[in-house]
Amino acid sequence: MLNIAVFGSGSGSNYQAIAEAIAAGRLNARIACVFSDVKEAFILERARKLGHPAIYLDCAPFKTKLDGEAEARAIELIKQHGGDFIALAGFMRIVKPGLLNAFAGRIVNIHPSLLPAFPGLEAGKQALDAGVKETGCTVHFVDSGIDTGPIIVQRKVPVLPDDTVETLMNRIHAQEHIAYPEALRIVAKGM
Ligand code: GRF
C-alpha cells in the first residue's frame, strides 16, 4: 500500500480526487500528510476538512525550488507521518536531488498537457497558442528535469474552436481527476 505525501500550492482538487478514490475503495493507499508552500492555499483547507495532517512548509529563501532546510524538514516530516511515496499535485516548485534521492522512483507529478508537448508553465495557453486539436494531461514519474520522467498515464481532451484557457483547463482538470487515481493504482500494483 502506498503511503502518500501530497505536495500542492493551490486548490488541491487533484489531492481531493485521490482522497476520494481511497475513501471509495478504488485505490489501496493512505494519505500520510499534505504539504503546501503557500500558507493560505486551499489544499491545506481541504486536508484539514478531510482529517489529513496539513503542513505549511516555509520554503524561504528560495522562490522556485524546494531545497535546503525546507527540503530536509519535508523529508523528516514525511518519515514521521509514515509516508513512503510522494504525489506532486499542483506544486509550483522544482524538487531537487535531496528529495529525489530520499524517495528515488517514488515521486510522481501531474501536468496539464500530453507530455512531452507543452512542459512548464501555462500548458493550456501553450496548447491554444500552438493551435493543436487535442491536448490532455499526463501523470509521470519525476526526475531532475522539468515535466520529464517516465509517463504512467495520459488522458486526452479535444481543443474546441471557441475555447478559452479557462474552458480548456476545466476540461483537462476533469480528466486529471480520473488520471491521477488511475496512475497511482498502476504504480501501487508494480511495487
Ligand atoms: C493541475 O492542472 C496540474 O496538472 C498542475 O497544477 C494543477 C493543480 O490543480 N500541475 P489542483 O490544485 O489539483 O486543483
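Counting starts at 1 for both ligands and their atoms, following the listed order.
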For the pair [X] (side chain) and [Y] (backbone), establish whether a donor and an acceptor sit closer than 3.5 Å, ignoring hydrogens and angles.
X	Y	answer
H111	C137	no
D143	G149	yes
R155	T138	no
R106	F85	no

Between K96 and D67, does at least one N-O distance fall below 4.0 Å, as a salt bridge requires? no
Which of the numbered atoms in ligand 1 are under 4.0 angstrom from any heavy atom belonging to [X]?
X	value
E176	1 (C), 2 (O), 3 (C), 4 (O)
H173	1 (C), 2 (O), 9 (O), 11 (P), 14 (O)
I110	3 (C), 4 (O), 5 (C), 10 (N)

Nearest neighbour of atom 11 (P) of ligand 1 from the list C137, S13, A89, G124, on a heavy-atom basis: S13
Closest to atom 12 (O) of ligand 1 among G90, G12, S9 (heavy-atom distance):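 The option holding the nearest heavy atom is G12.
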Report yes if N109 has an N/O atom closer than 3.5 Å to an N/O atom of ligand 1; otherwise report no. no
Tell me if the CD atom of E69 is crowded by more than 12 foreign heavy atoms within 6.0 Å.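 Open: at most 12 neighbouring heavy atoms sit under 6.0 Å from CD of E69.
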Quick one: look at H111 and ligand 1, take heavy-atom pairs under 4.0 Å, and tell me if it's side chain, backbone, both or neither. backbone
